[in-house]
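First the structure, in the form of structure tokens, and then the observations on it.
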Amino acid sequence: MGAMILKRLGVSVFVLLAVSLLVFVFTLMLPGDPAQAILGQQATPERLAALREQLHLNDPWYTRYLTWLGGLFTGNLGTSAATGGSVNALLASKLSASMVLLVISAVVAIPVGLLLGTWSAMRRGRASDQTLTGFSLVLAALPEFVIGVVLTTLLSTTVFKLLPSVTMAAPGMRVWDYPLQLILPSLTLILVVVPYMIRMTRTTMIDVLDSGYVEMARLKGLPERQVIFKHALPHAIGPVAQVVAMQLAWLAGGIVVVEFLFRYPGLGQAMVDAVNNRDVQVVQALSMLIAAFYVVVNLIADVIGILANPKLRTETRS
């Protein structure tokens with residue numbers, strides 16, 4: 001078991017290194033000159049040449065990559081071309097704002113998706129199961145920006161006008177100081193990920209409920225609650241953890257669209273601004289943050305799946 005966990009850890013490190021190389025190479029292909037972006041269009045050729053030398057822009061790409069990779073390991077994300085300041089300072093407040101949105105969405109979406117998926121599996125074939133399955137299919141087919149626009153139309157503009165349609169936080173204000181502005185972006189993220197959790201959890205639980213050990217437990221006359229919680233759920237934890245991990249990983253990437261839609265001052269909005277400003281250092285840092293979150297979440301899910309696998313635990317003891 002320990003060897004399997006170490007293997008997953010090694011694969012995760014390799015994936016992050018590969019992603020770092022791809023991110024660095026692709027950002028080199030972005031048009032624009034970082035030195036020109038920092039100094040402006042009126043900069044003299046001498047100042048541009050001096051700044052390029054200072055930023056090591058004249059060095060070979062592999063030397064710059066190793067320098068940048070070393071900065072990642074030491075926590076130095078570089079200098080923003082748009083502001084001239086530290087990328088660490090620029091992203092600090094953005095990260096906290098995005099984490100608030102992610103935590104709210106995850107805390108609501110995970111239990112709702114798992115409970116509805118399990119309930120649907122236990123009532124498969126009935127009208128309630130078919131209704132929930134159809135509703136989740138419709139939601140799963142809608143992109144996040146469509147759900148966001150529909151929610152804005154219903155709750156902010158023409159129908160009820162209960163919530164702000166965009167983030168109202170002034171510069172320097174914390175997003176949680178005005179809780180109403182968190183509802184629409186959080187609800188959008190929740191409605192995007194919950195349908196997938198419901199469907200995947202339902203499929204996993206049906207497979208488990210149809211297994212031989214669950215049938216044997218029922219034949220022994222055990223109460224249905226004991227059959228579900230003692231015999232079915234332990235075998236479903238691993239696959240369900242993978243489902244949760246995939247949706248949490250999607251939240252890290254899908255938050256870019258949602259934050260841009262609601263003008264939310266988080267990492268997603270920072271990514272859009274950085275791409276528009278050709279701010280290469282910020283694009284690289286944000287890409288690695290999202291990739292690291294994705295890899296770590298999947299690593300945790302893999303470990304949970306290994307530790308929760310009854311068959312693996314039995315083989316390990318033997």
Side-chain angles (χ1 to χ4, degrees), residues 101-156 159-160 162-163 182-211 214 224-225 227-229 232-262 264 268 290 293-294 297-298 300-302 304-305 308:
L101 207 58
L102 286 173
V103 169
I104 292 175
S105 303
V107 166
V108 176
I110 291 174
V112 170
L114 299 185
L115 289 174
L116 288 179
T118 303
W119 178 79
S120 180
M122 296 175 63
R123 301 180 63 85
R124 56 178 164 171
R126 302 183 185 180
S128 54
D129 172 44
Q130 295 175 355
T131 301
L132 181 59
T133 300
F135 184 67
S136 63
L137 274 173
V138 172
L139 280 179
L142 297 177
E144 56 267 25
F145 68 88
V146 173
I147 295 177
V149 170
V150 171
L151 289 177
T152 302
T153 303
L154 292 176
L155 302 177
S156 298
V159 182
F160 293 109
L162 299 175
L163 301 169
L182 300 174
I183 296 178
L184 277 182
S186 299
L187 187 57
T188 301
L189 290 172
I190 291 168
L191 291 179
V192 170
V193 300
V194 161
Y196 293 97
M197 288 189 182
I198 292 175
R199 291 183 55 77
M200 296 300 293
T201 303
R202 178 183 181 275
T203 302
T204 301
M205 287 301 300
I206 286 177
D207 291 340
V208 172
L209 292 174
D210 287 341
S211 61
V214 171
E224 187 66 16
R225 178 175 297 182
V227 170
I228 296 297
F229 288 99
L233 282 182
H235 290 82
I237 288 176
V240 167
Q242 294 288 345
V243 173
V244 172
M246 286 190 293
Q247 297 312 308
L248 289 180
W250 180 91
L251 284 178
I255 201 173
V256 175
V257 175
V258 174
E259 289 188 355
F260 179 73
L261 178 64
F262 293 102
Y264 187 84
I290 294 173
F293 181 83
Y294 188 96
V297 167
N298 279 279
I300 293 173
D302 285 342
I304 292 174

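Across every non-hydrogen atom of Gly148 and Thr188, the tightest pair is CA-OG1, 3.7 Å. The two residues Asp129 and Arg123 come nearest to each other via the heavy atoms CB-O, 3.1 Å. Scanning all heavy atoms of the two residues, the minimum distance from Val193 to Ala109 falls at CG2-CB, 3.6 Å. For Leu132 against Ser120, the heavy-atom pair with the smallest separation is CD2-CB, 3.8 Å. In terms of heavy-atom proximity, Met205 sits nearest to Ala121 at CB-CB, 3.6 Å.
Atom-to-atom distance recorded for Arg202:CZ and Leu116:CG is 12.5 Å, nearest 0.5 angstrom. Once rounded to the nearest 0.5 Å, the distance linking CG of Leu182 with CG of Leu163 reads 10.5 Å. The CD1 atom of Ile183 sits 10.0 Å away from the CD1 atom of Ile190 when rounded to the nearest 0.5 Å. Rounding to the nearest 0.5 angstrom, the gap separating the CG atom in Leu189 from the CG atom in Leu102 is 7.0 Å. Here the straight-line distance linking atom CG of Leu261 with atom CD of Glu144 works out to 9.5 Å at 0.5 Å rounding.
Val108 is not listed as a side-chain neighbour of Ser186, based on a closest heavy-atom distance of 4.5 Å or more. Annotation: side chain of Trp119 is in contact with side chain of Ser128 (closest heavy-atom distance under 4.5 Å). Side chains of Arg124 and Gln130 form no contact here, defined as non-hydrogen atoms less than 4.5 Å apart. Inter-residue side-chain proximity for Phe135 and Ile198 is flagged as unmet; no heavy-atom pair is nearer than 4.5 Å. Side-chain contact check for Ile147 versus Val192: some heavy-atom pair is nearer than 4.5 Å.
Enclosure of atom OH in Tyr294 is not indicated, since only 12 or fewer non-hydrogen atoms of other residues, nucleotides or ligands lie within 6.0 angstrom.
Across Leu151, Leu101, Thr152, a single residue satisfies side-chain contact (heavy atoms from CB on, under 4.5 Å) together with Phe262, and that is Thr152.
In this structure, Ser136 contributes its side chain and Thr133 its backbone to a donor-acceptor pair below 3.5 Å. At least one donor-acceptor pair closer than 3.5 Å links the side chain of Tyr196 to the backbone N or O of Ala140.
Residues satisfying the salt bridge (Lys or Arg N to Asp or Glu O under 4.0 Å) test with Asp207, not counting sequence neighbours, are none.
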